[in-house]
**Q** 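Please read through the structure below; I'll follow up with questions.
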Amino acid sequence: MKQAIGMVETRSLVAAIQAADTMVKTANVQLFDLDFVGSGIVSAIVSGEVAAVKAAVENGRETAEQLAEVISTNVIPRPHDEVDKVVEKVIE
């Protein structure tokens, strides 16, 4: 992957979709996955350059907070190859 990945995890499908929409409109990032964790928790994951991902995650968080509870957010600037393998397995 070698690009940053960013995540916004919410307790609402609608909020996660809105966060994903905001993130891809905010910066030059690609929607990597919309992961259904369980118990109503959904995670929107994007990838791109570090600064773009940071801006996208922050704006996605702000948007999602208006609709539902945000569980967590995180940006991993340059994930190690082993982390890429884990993320790809989770997505499959």
Side-chain angles (χ1 to χ4, degrees):
M1 178 181 295
K2 298 303 177 202
Q3 292 189 321
I5 58 174
M7 299 150 274
V8 176
E9 189 175 62
T10 69
R11 194 175 301 278
S12 163
L13 173 61
V14 172
I17 292 171
Q18 186 64 51
D21 182 62
T22 298
M23 288 191 287
V24 296
K25 288 178 179 176
T26 295
N28 186 21
V29 296
Q30 295 76 42
L31 184 59
F32 192 69
D33 188 37
L34 200 62
D35 188 32
F36 300 88
V37 179
S39 299
I41 299 173
V42 184
S43 180
I45 305 171
V46 295
S47 65
E49 296 296 323
V50 176
V53 170
K54 285 182 179 181
V57 167
E58 179 60 27
N59 285 331
R61 179 191 60 77
E62 290 173 2
T63 298
E65 282 179 338
Q66 296 172 8
L67 299 171
E69 177 187 3
V70 172
I71 305 296
S72 66
T73 63
N74 192 33
V75 173
I76 302 174
R78 288 177 189 81
H80 189 275
D81 290 338
E82 296 298 314
V83 173
D84 285 345
K85 290 178 189 177
V86 172
V87 171
E88 288 172 4
K89 285 181 183 179
V90 168
I91 292 169
E92 292 172 354

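No experiment lies behind these values; they were computed from the predicted model shown.
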**Q** Of all the heavy-atom pairs spanning M23 and A56, show the shortest one and how long it is.
**A** CG-O, 3.0 Å
**Q** Side chains of residues 66-78: which donor-acceptor pairs under 3.5 Å do they make with residues two or more places apart or in other chains?
**A**
{"residue": "E69", "atom": "OE1", "partner": "R11", "partner atom": "NE", "Å": "2.9"}
{"residue": "S72", "atom": "OG", "partner": "E9", "partner atom": "OE1", "Å": "3.3"}

**Q** Tell me, do K54 and E58 make a side-chain contact under 4.5 Å, heavy atoms counted?
**A**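 In short, these two side chains do not touch, never coming nearer than 4.5 Å.
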**Q** Linking I/L/V/M/F/W/Y whenever their side-chain heavy atoms sit closer than 4.5 Å, directly or via other members, would L31 and V29 fall into one cluster?
**A** yes
**Q** Report yes if some heavy atom in the side chain of F32 is under 4.5 Å from a heavy atom in the side chain of V46; otherwise report no.
**A**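 Side-chain contact under 4.5 Å: no.
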**Q** If every non-hydrogen atom of Q3 is compared with every non-hydrogen atom of P79, which pair is closest and at what distance?
**A**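 The answer is O-CD, 3.1 Å.
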**Q** If you compare all heavy atoms of L13 against all heavy atoms of V42, which two are closest, and at what distance to 0.1 Å?
**A**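 Closest pair (atom of L13, atom of V42, distance): CA-CG2, 3.9 Å.
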**Q** Please check if atom CG in D21 has more than 12 non-hydrogen atoms from other residues, nucleotides or ligands closer than 6.0 Å.
**A**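 Yes - once you tally the heavy atoms of other residues, nucleotides and ligands closer than 6.0 Å, there are more than 12.
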**Q** Cluster question for you: counting only ILVMFWY and a side-chain heavy-atom cut-off of under 4.5 Å, with indirect links fine, are I5 and V53 together?
**A**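 Looking at the clustering, V53 is in a separate group from I5.
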**Q** What closest approach, in Å, do T22 and T26 show between heavy atoms, and which atom pair accounts for it?
**A** O-OG1, 2.6 Å
**Q** Main chain of S12, side chain of T10: is a donor-acceptor contact present, judged purely on distance under 3.5 Å?
**A** yes
**Q** Of all the heavy-atom pairs spanning G6 and V57, show the shortest one and how long it is.
**A** CA-CG2, 3.7 Å
**Q** Are I45 and V37 linked, directly or through intermediate hydrophobic residues, by side-chain heavy-atom contacts shorter than 4.5 Å (ILVMFWY only)?
**A** no
